[in-house]
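To start, the structure under review is shown below, and the notes come after it.
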Amino acid sequence: MCSPEESALLRLEEVFSATLARINSLVLQPLLAAAPEPSDPRGRECLLLLQQLHGRSQQLLEVTEESLHSLRERLRHPDTVGLGSLLLLHGAEGVLRVHLEYIKSYTSCVVVQAFQKTAKKRSEYWRGQRKALRQLLWGVSPEGSVGTALVQALRQPLSHHVQQYVVLLLSLGDSLGEHHPTRELVVHAATVFGDLQSFMRQELDQAVATQALWQALSSRQRDALCTPTRRLLQDSQDIPVTVAPLRAERVLLFDDVLVLLQGHSVHTFNLKLVWVDPERDGCTFHLFTPEEEFSFCFKDPQGQVVWQWKVTQAVCQALRGNKDFPVLGAGLEPSPPPTCRSMAYTFLAEGRLCQATYEGEWCQGRPHGKGTLKWPDGRNHVGNFCQGLEHGFGIRLVPQASEDKFDCYKCHWRQGSMCGYGICEYGSDEVYKGYFQAGLRHGFGVLESTPQAPQHCKYTGHWDKGQRSGYGIGEDGDRGERYIGMWQADQRHGPGVLVTQAGVCYQGTFQADKMVGPGILLSDDDSLYEGTFTRDLALVGKGKVTFPNGFTLEGIFGSGAERGLHTQGVLDTAALPPDPSSTCKRQLGLGVFPVESRWQGVYGPFRDFVCAGCPGDLQEALLGFHVQSSKELRKSQEYLCCERTQLDDGVGRMDEVLEELLQHRQPEALQQCLRKALSSSLHPLGQLLRTLMLTFQATYAGTGANKHLQELAQDEVKHHARELWAAYRGLLQVALQRKGRALEAEEDTETRDLQVHGLVLPLMLPSFYSELFTLYLLLHEREDSFYSQGITNLSLFPDTKLLEFLDVQKHLWPLKDLTLTTNQRHSLVTDKCFLSAIECLQKIITTMDPREKLEVLERTYGEIEATVSRVLGQEHKLPMDDLLPLLIYVVSRARIQHLGAEIHLIRDMMDPIHTGGLYDFLLTALESCYEHIQKEDMHRLPSRWDSREPR
């Protein structure tokens with residue numbers, strides 16, 4: 001059986017449905033018919049609002065009809081259709097949304113006086129409809145305006161209808177038992193429509209107040225501020241407020257903006273970008289916006305509380321994008337607006353950000369976090385910000401005058417300037433990879449022209465305030481020159497070495513990019529000039545030339561366009577010929593560029609990283625990163641990205657690195673740990689090694705591959721090994737500090753050198769081996785050519801003849817190892833004796849580790865002794881007189897190319913601990929073999945073979 005309240009609800013819906021139909025035909029349709037022509041901007045606005053209201057009215061009528069249908073079904077079939085089937089109960093939220101949309105459209109019309117403006121177009125018609133309108137209303141004066149009547153006609157029936165909803169639903173809820181299955185639905189519906197009542201009252205009050213404000217403001221102010229959806233929340237004329245530092249005459253708080261009126265000026269601030277300082281300072285509170293900071297001061301605490309609460313709630317409401325329901329500030333747990341937000345804003349004030357648009361994360365009125373900054377002139381910046389300034393990694397595009405040309409900066413920033421490591425690709429076809437400070441290149445960096453550039457040039461070295469300064473390597477591809485030395489103010493200045501592709505080397509003092517004063521010239525044929533030069537490196541003035549044959553020419557040199565090079569001096573041909581090996585091995589740069597000071601710009605950032613405690617978030621800025629080419633990036637401003645290898649969690653990754661160092665301190669474990677670290681581009685030690693490799697290649701590869709630079713390179717590799725060990729020790733000390741453990745004591749020089757040569761150098765030498773070994777090849781090219789000729793001649797001997805030629809004792813000949821075929825004699829067998837030792841020695845070129853090369857030599861010696869012991873049938877230790885000819889035989893048959901370069905590299909790079917030991921002895925024996933094979937008696941060809949076989 002249905003309740004009386006259900007019957008009352010049915011009658012209520014029937015009356016309201018009919019009323020809505022009459023309002024539609026009597027009010028809305030005539031209003032739309034009287035709408036002004038579209039050419040009138042205000043009229044177009046009213047037309048759109050009325051059309052929207054008409055649509056919302058139709059939706060309200062439809063939902064009322066649906067509710068009416070559900071009530072009729074319930075009353076017709078009370079036994080089969082439950083109370084919960086009523087639309088007002090199970091669909092209360094949907095009914096509420098339709099009402100809210102209607103109220104929003106209606107109040108927008110009220111704000112801009114759409115009813116009054118439109119009614120004026122057909123005033124005669126509306127005067128004739130006054131009686132019909134009064135039938136829809138009550139409490140309206142007959143003398144009232146038509147506009148007022150229209151406003152009431154569209155509001156009063158709805159307000160009365162919602163009020164009756166609440167009364168009847170509350171009564172229905174009371175009539176149901178506490179445990180009735182639908183009682184909860186009824187109570188919820190009553191609450192929803194009760195809240196709707198409160199919301200309607202607030203919306204109507206705000207609309208009326210806003211409409212009154214528009215009438216009170218000047219036309220200029222009204223045009224700047226008036227929009228149909230904007231609502232006034234607070235006016236300083238109601239609760240006075242003083243704003244500092246901007247002396248505002250009036251303060252208006254709307255639901256989307258805060259407005260300060262100052263004369264004819266209107267200052268608006270988007271509430272989504274307004275931050276309210278929660279702290280109170282007496283009767284004052286503070287506001288932050290992207291470009292302004294304000295203090296709102298009041299005469300009494302009550303005014304301050306009201307204003308601060310309303311501004312705070314208005315900001316929250318604006319950020320949510322929906323009006324608070326049922327009233328402003330309503331919610332389960334009122335909370336302050338979020339400090340961090342994501343918004344877009346265009347800066348207006350003069351300064352570096354004028355007219356720039358920032359889109360991204362904000363905090364307390366400042367760009368903070370990830371964001372994008374775009375200027376009207378085409379500049380773009382994407383990256384991290386801190387308190388309004390670029391801070392952290394960021395990418396900036398700066399357009400050039402020519403079309404589709406950009407400078408692209410992929411750098412770390414600090415307080416608005418590039419600071420730390422960065423990669424910059426310029427529209428001028430140059431790329432810089434290195435460090436910045438205060439927006440300028442500073443510290444170590446590489447500036448290189450791209451392959452597309454018409455002229456190839458490259459600088460690898462130190463910078464100071466944007467200029468090349470300090471030690472650096474300059475390469476001029478067009479001139480085929482490489483300069484190694486000191487720079488100042490972007491010019492070669494100080495001691496330097498100039499190497500040309502033709503093999504000519506200059507060493508002297510440079511000033512303002514030119515060589516001045518006395519210097520040295522080494523030509524490709526090892527001629528040496530010592531004297532003065534012109535600024536264009538022509539011989540001039542007093543000098544001395546020493547030729548490879550020992551002749552000297554000393555006197556006054558000059559040059560001219562017609563005469564060429566000429567001299568007046570003394571030619572001395574009486575001097576004894578010098579040792580050819582000494583003339584070709586003259587070295588440049590020694591003592592001029594102390595190895596400790598060459599690459600401080602590379603070591604410095606690593607030391608800073610360690611001194612700072614190895615913070616993971618600074619690893620990229622201090623140690624660098626790797627990125628892919630920005631070819632596509634430079635073509636477009638829209639796709640700002642940086643495909644760089646980076647740590648997802650730099651802090652966590654650094655903790656793992658330090659923990660691994662602590663767990664691998666024993667010799668074998670440490671070696672594996674360092675090998676892994678140096679091979680990883682994400683490990684601090686691996687990053688440091690890669691930068692050192694870059695400097696080494698820039699100095700000694702290509703044009704720099706000159707034999708006169710070998711000792712310079714050798715010293716550099718050894719020093720890098722010492723620095724890498726010091727870097728490891730620095731990381732270890734940080735790891736111990738983090739664990740609160742005692743730091744390790746300082747190492748003495750001897751202990752350090754043992755670790756450097758025995759542990760670090762073998763691990764890092766492969767990274768430099770190609771360039772370094774090339775220098776050894778060039779330096780020992782002459783000896784290796786004699787050695788190679790000797791090897792060629794000795795290869796013509798069969799085994800037995802060669803053993804005989806080398807005076808190897810016949811009882812040591814391993815003839816038992818020879819397996820002869822039919823018609824084959826011992827005297828014709830080649831490359832069969834001491835085969836195991838030969839194959840063992842050939843492995844010396846398969847490794848780059850000096851220790852492993854020495855181990856190969858030791859095994860070769862062991863194989864020779866094992867073969868001899870087998871031949872003699874007893875263990876036998878070879879004396880030096882027997883070992884040397886056998887070793888010469890094995891070396892000649894192994895046919896190792898560039899053995900001289902191999903021997904000297906091993907000697908220079910071997911661990912000092914082996915000096916005087918077995919390895920030293922074996923290496924000395926190999927050197928003797930090498931020198932012996934170069935001698936002239938090894939170059940004579942055998943004239944005939946002795947056909948008799950040895951017994």
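Quick caveat, the model's predicted, so the values are computed rather than measured. In this chain, residues are counted from 1 in sequence order.
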Would you say [atom1] of [X] has more than 12 non-hydrogen atoms from neighbouring residues, nucleotides or ligands within 6.0 angstrom?
X      : atom1 : answer
Arg97  : CZ    : no
Glu359 : CD    : no
His77  : NE2   : yes
Gln364 : CD    : yes

Donor-acceptor pair, [X] side chain versus [Y] backbone, under 3.5 Å?
X      : Y      : value
Thr182 : Leu185 : no
Asp277 : Leu287 : no
Ser159 : Arg155 : yes
His368 : Gln387 : yes
His90  : Ser85  : yes

Looking at [Y] and [X], is any side-chain nitrogen of the basic one under 4.0 Å from a carboxylate oxygen of the acidic one?
X      : Y      : value
Glu101 : Arg56  : yes
Glu14  : Arg72  : yes
Arg250 : Asp235 : yes

Item checked: Derivation of the salt bridge (charged side-chain N to carboxylate O under 4.0 Å, His left out) call for Glu45 and Lys117 -> CA-CA 11 Å; Glu45 181 181 71; Lys117 293 176 182 178; 5.7 Å; no

At their closest point, which heavy atom of [X] faces which heavy atom of [Y], and how far apart are they?
X      : Y      : answer
Cys386 : His391 : CB-CB, 3.5 Å
Leu88  : Ala189 : O-CB, 3.4 Å
Phe347 : Pro367 : CZ-CG, 4.3 Å
Leu273 : Ala344 : CD1-O, 3.9 Å
Gly369 : Tyr358 : O-OH, 4.4 Å
Val63  : Leu60  : CG1-O, 3.2 Å

Check: Ring centroid separation for His161 and Phe16, is it under 6.0 angstrom?
Finding: yes

Check: Going by heavy atoms in the side chains, are Val243 and Ser295 under 4.5 Å from each other?
Finding: no

Note to self: When you compare the side chain of Leu28 with that of Ser57, does any pair of heavy atoms fall below 4.5 Å?
What the structure shows: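 In short, these two side chains touch, coming nearer than 4.5 Å.
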
Checklist line | Arg341 NZ/CZ over Trp275 ring centroid, <6.0 Å and within 45° of normal | finding: yes

Notebook entry, point to check: Is the cationic atom of Arg230 (NZ for Lys, CZ for Arg) positioned less than 6.0 Å from the six-membered ring centroid of Phe254 and within 45 degrees of its normal?
Noted result: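 Pair Arg230/Phe254 counts as cation-pi.
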
Report yes or no: do [X] and [Y] form a side-chain donor-acceptor pair below 3.5 Å?
X     : Y      : value
Ser17 : Glu65  : yes
Glu93 : His188 : yes
Glu13 : Thr64  : no
Glu73 : Ser70  : no

Note to self: Could you measure the distance from the CG atom of Leu86 to the CG atom of Leu75? Nearest 0.5 Å is fine.
What the structure shows: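 If we round to the nearest 0.5 Å, Leu86:CG and Leu75:CG are 8.5 Å apart.
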
Next item on the list: Starting at CG of Asn270, measure out to CG of Leu258 and round the result to the nearest 0.5 Å.
Entry: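 So the CG of Asn270 and the CG of Leu258 are separated by 10.5 Å.
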
Report all side-chain donor-acceptor pairs from residues 192-217 shorter than 3.5 Å, counting only partners two or more places apart or in another chain.
unit_1, atom_1, unit_2, atom_2, d
Gln202, OE1, Leu328, N, 2.8
Thr210, OG1, Gln206, O, 2.6
Thr210, OG1, Leu232, N, 2.7

Checklist line | Sole candidate of Glu293, Glu390, Glu291 that passes salt bridge (Lys or Arg N to Asp or Glu O under 4.0 Å) when paired with Arg366 | finding: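 Among Glu293, Glu390, Glu291, the one meeting salt bridge (Lys or Arg N to Asp or Glu O under 4.0 Å) with Arg366 is Glu293.
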
Next item on the list: Decide salt bridge (charged side-chain N to carboxylate O under 4.0 Å, His left out) for Arg183 and Glu178; before the verdict, give the C-alpha distance in whole Å, the side-chain angles of both, and the deciding distance to 0.1 Å.
Entry: CA-CA 7 Å; Arg183 187 177 190 279; Glu178 186 174 349; over 6 Å; no

